[in-house]
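Below, chains carry the letters A, B, ... as their sequence lines are ordered, and counting in each starts from 1.
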Amino acid sequence: MQIKDTMKGKTEFHELHKGRVNMFVCGPTVYDIPHVGNSRVYVFFDMVAKYLRTRGYSVFYLQNITDIDDKIINRAAEEGSDYQAVSDRYYSLYMDIMKSLGIDSVNIYARATLYMDEIISQIQRLQDLGYVYATDDGLYFRIRKFVDYGKLSGQDIDHIEAGARVEVNEKKEDPGDFAVWKFRKPGEPFWNSPWGEGRPGWHIEDTAITECHFGPSYDIHGGGSDLIFPHHEAEIAQMRAISGLPILASVWMHVGMLNINGNKMSKSLKNFITIDQVMRSHSREEIRFYFLNSGYRSTMIFSDAALKESSETLKRIQTTYDKLVIKAGGRASLYADRQGISQKLQGIMDNDFDSREFFAEIMKMTTEINRAIDSMDAESAASYLGIFNWMNSFMGILKEKSDEGIPVKLVDDLISLRNQMRREKMFSVSDAIREILFRNGIILEDREGVTEWRRS
RNA sequence: GGAUAGGUGGCAGAGCGGUCAUGCGUGGGACUGCAGAUCCCAUCUAAUAGGGUUCAACUCCCUACCUAUCCUCCA
């Protein structure tokens, strides 16, 4: 398998422990409703985890939940409740949304506040090694002591414009130094530590969590491309300072942003559309396909038109799939892929999860199937169906229709009655039968003198 | 100012040193009592501009211009 690493470019993937992939993806800060842009990252890595599993890897997918942070505290203050009420509410909302997007590949959602001992232990070790110093408002990491700081993002510390966005804190040794522990301010939640009451910095949560589950290094680290600097640089600096190892993660994968009207969709710009809003008018499958049918690293332009367009495309795949189900009598065969199509598709996916190219190939296959379906035997249909099912096991873009509803025998009988009416040119009756079946979830299609049907 | 990723047909969007994906849209055709679905054909001699390398560049190199993201809140 080849995976494109943010720093090294496309490289052959070698897992650290044979057959095992430890993957960590930056999860949300639970202070608000997730928006569409956030969802893209989680849908993508859900696919990655599932695909790697179909390739035989035992994947441990770990995601953090930042449940203590300035924004959570601010939110709690705004609404006059406490931070736990806020983080609990948005955590469970996040989980609901993940569920409705079909994201079920994560092994552990790790809440930062449950790892306070590990966080304090990391800070302690960093301090013992001389990487951390105290000011009157917190403990900071000396970025200049860690020589590789900036390597991931290609940044040169001396060219970083201090205060480009955030006010310079004069008490720090270097404007780039970041907090690993923030001392308690009046009214804020706090934990005890050897340095006094306070709470952890943002970056230390993740390294504490990953060290706890994976140790000092692991295979894949994923997240949105806006986290490359400084968040992921900080993680690398913290963990490698402690471990002395040459890497934190073997591969760094970053998913592109979602743009809306020429700008990044973000909470601070207030130009975001929440995912539950989109889910009101689009199915889980449509949303997943929309994200997955594009290169994961590119910026995506979000619009209703684009979403609608990709839904049209998906409908073609779904319709073909439904026809195959009927043709194959529901029997799928994974081992009858005589043309080696799934092998070809796998080769495409093995090339840095090239889902865009993958779907281009799926569309070609769809056209071929549609061309041949009328004269296709059940065995071939079952073989194609096997490919679709395999694809769906990691893409999650097809609805599997249940056999519930009107029994097949009754449908067949009604169709022959309707066709008799048609022969007798009693079209009002035949159309009425079609309409009744439609209202009961059966779509009829007359082709080449034969009436085919499928469940809607 | 620095860093990163890009600029492809009406639109969205890949890959690739020669054969120019894929989808959507639009127009036409086939099949149909109608509808739907599907197939076929067309839209297509697409590549920000200017240089260079090459037998050959959309693909590699250089310059300019433009866009997005990051420069310590962000997925």
Side-chain angles (χ1 to χ4, degrees), chain A residues 6 25-29 31 34-42 44-45 69-71 74 143 150 152-169 172 175-179 201-203 222-231 233-234 254-259 262-269 272 293-295 297-301 303 305-306 308-316 319-320 322-323 348 351 354-364 366-367 369-374 422 425 427 430-431 434-435 438 443-449 452 454:
Chain A
T6 298
V25 172
C26 287
T29 300
Y31 73 106
H35 66 238
V36 202
N38 302 318
S39 312
R40 179 186 187 190
V41 175
Y42 305 126
F44 173 70
F45 284 108
D69 179 80
D70 289 359
K71 278 183 281 197
N74 293 342
I143 56 167
L152 177 71
S153 54
Q155 298 281 344
D156 179 345
I157 302 176
D158 294 320
H159 286 285
I160 290 173
E161 192 179 342
R165 203 175 54 182
V166 171
E167 251 179 78
V168 177
N169 178 346
K172 294 195 280 184
D177 292 346
F178 54 85
W202 178 36
H203 317 300
S225 63
D226 54 350
L227 297 183
I228 298 172
F229 189 93
H231 186 50
E233 294 284 4
H254 291 103
V255 179
M257 297 293 104
L258 219 58
N259 275 20
N263 284 104
K264 172 181 150 185
M265 184 181 289
S266 75
K267 296 202 170 139
S268 39
L269 286 173
F272 62 91
N293 190 212
S294 90
R297 251 175 283 97
S298 339
T299 302
M300 261 182 109
I301 296 161
S303 70
K308 200 175 162 222
E309 181 189 314
S310 86
S311 299
E312 286 301 314
T313 306
L314 178 60
K315 216 156 85 183
R316 277 193 62 192
T319 304
T320 305
D322 293 345
K323 287 177 183 173
I348 292 168
N351 179 22
D354 192 353
S355 53
R356 179 79 205 187
E357 184 66 24
F358 179 88
F359 283 124
E361 214 52 49
I362 288 286
M363 293 317 292
K364 284 185 201 164
T366 298
T367 303
I369 292 169
N370 283 325
R371 214 179 274 157
I373 191 136
D374 288 335
R422 290 172 70 210
K425 306 238 184 282
F427 295 123
S430 69
D431 286 353
R434 182 170 61 192
E435 177 59 23
F438 181 76
I443 296 170
L444 298 192
E445 285 169 12
D446 302 319
R447 294 201 297 277
E448 314 276 346
E452 303 275 0
R454 59 195 162 88

So which protein nitrogen or oxygen atoms get under 3.5 Å of nucleotides 58-63 of chain B's nitrogens or oxygens?
none

- Message: Please give the distance between the C1' atoms of B:G7 and B:U63 as a whole number of Å.
- Response: 16 Å
- Considering only the C1' atoms, how many Å lie between B:U48 and B:G29, rounded to the nearest integer? 38 Å
- Classify the nucleic acid contact of A:Ile443 as base, sugar-phosphate or nothing, counting any heavy atom under 4.0 Å across all strands shown. nothing
- Message: Against the six-membered ring of A:Tyr31, is A:Lys267 placed for a cation-pi contact (under 6.0 Å from the centre, within 45° of the normal)?
- Response: yes
- Message: Taking B:C24 as the reference, what is the distance to B:C65 when you measure between their C1' atoms (whole Å, please)?
- Response: 31 Å
- Query: Side chain of A:Arg297, base of B:A5: donor and acceptor closer than 3.5 Å?
  - Reply: no
- Task: Verify, without hydrogens or angle tests, whether A:Ser39 (side chain) and A:His35 (backbone) share a donor-acceptor contact under 3.5 angstrom.
- Result: yes
- Note on the structure: Heavy-atom nearest pair, A:Thr319 first then A:Arg454, reads CG2-CZ, 3.6 Å
- Backbone N/O of A:Asp354 and side chain of A:Asn351: donor-acceptor pair under 3.5 Å: no
- Task: Write down the atom of A:Gln155, the atom of A:Phe229, and the distance for their closest heavy-atom approach.
- Result: CG-CD1, 3.8 Å
- Message: Between B:A12 and B:G52, how far apart are the two P atoms, rounded to whole Å?
- Response: 32 Å
- Query: Is A:Met363 touching bases, backbone alone, or none of the nucleic acid, heavy atoms closer than 4.0 Å?
  - Reply: sugar-phosphate
- Same-atom distance (P) from B:C40 to B:G33, integer angstrom: 22 Å
- Output, in order, the C-alpha distance, side-chain angles, deciding distance and verdict of side chain to side chain contact (heavy atoms under 4.5 Å, CB included) for A:Asn370 and A:Lys323. CA-CA 9 Å; A:Asn370 283 325; A:Lys323 287 177 183 173; 4.1 Å; yes
- Message: Regarding B:C34, can its base be found pairing with the side chain of A:Asp446 as donor and acceptor, where the two atoms are less than 3.5 Å apart?
- Response: yes
- Would you indicate what A:Asp431 reaches in the nucleic acid, counting non-hydrogen atoms under 4.0 angstrom: base, sugar-phosphate, or nothing? base
- Message: At less than 4.0 Å, is any side-chain N or O atom of A:Asn259 found next to OP1 or OP2 of B:A68? Yes or no.
- Response: no
- Item | Side chain of A:Ala360 (C-beta onward), nearest among B:A21, B:A75, B:C70 | B:A21
- Query: Taking all atoms of both residues into account, what is the closest heavy-atom pair of A:Ser225 and A:His254, and its distance?
  - Reply: CA-CB, 3.9 Å
- Task: Would you indicate what A:Thr367 reaches in the nucleic acid, counting non-hydrogen atoms under 4.0 angstrom: base, sugar-phosphate, or nothing?
- Result: sugar-phosphate
- Task: Pick base, sugar-phosphate or nothing for A:Leu258, based on heavy-atom distances below 4.0 Å to the nucleic acid.
- Result: base
- Message: Check this one for me: any side-chain N or O of A:Lys308 less than 4.0 Å away from OP1 or OP2 of B:A12?
- Response: no
- Item | N/O donor-acceptor pair under 3.5 Å between A:Glu233 side chain and A:Ser153 backbone | yes
- Between A:Phe427 and B:G33, do the rings stack, that is, sit under 5.5 Å apart with planes less than 30° off each other? yes
- Note, RNA chain B 5' to 3' with Watson-Crick or G-U pairs under 3.5 Å encoded as ( ), [ ], | and . gives (((((((..(((.....[...)))((((((.......))))))....(((((..]....))))))))))))....
- Message: Classify A:Gly150 by what it touches in the nucleic acid, base, sugar-phosphate, or nothing, heavy-atom distance under 4.0 Å.
- Response: nothing
- NA contact type, A:Arg422, heavy-atom cut-off 4.0 Å: base, sugar-phosphate, or nothing? base
- Query: How does protein reach along nucleotides 13-18 of chain B, written 5' to 3' as B (base within reach of a heavy atom under 4.0 Å), S (only sugar-phosphate), or - (no contact)?
  - Reply: SS----
- Just checking A:His254: base, sugar-phosphate only, or nothing, at a heavy-atom cut-off of under 4.0 Å? nothing
- Checking A:Lys264 side chain against A:Asn259 main chain: does a donor-acceptor pair fall under 3.5 Å? no
- Across the strands shown, which category fits A:Gly154 at heavy-atom distances under 4.0 angstrom: base, sugar-phosphate, nothing? sugar-phosphate
- Message: Looking at every non-hydrogen atom in both residues, tell me the closest pair between A:Met265 and A:Gly37 and how far apart they are.
- Response: SD-N, 3.8 Å
- Message: Give me the distance, rounded to whole Å, that separates B:A21 from B:A14 when you measure between the C1' atoms they each carry.
- Response: 6 Å
- Donor-acceptor pair (no angle test) under 3.5 Å: A:Arg316 side chain, B:C24 base: no
- Please work out which of the three classes, parallel, tilted or perpendicular, describes the rings of A:His231 and A:His203, given edges at 30° and 60°. tilted
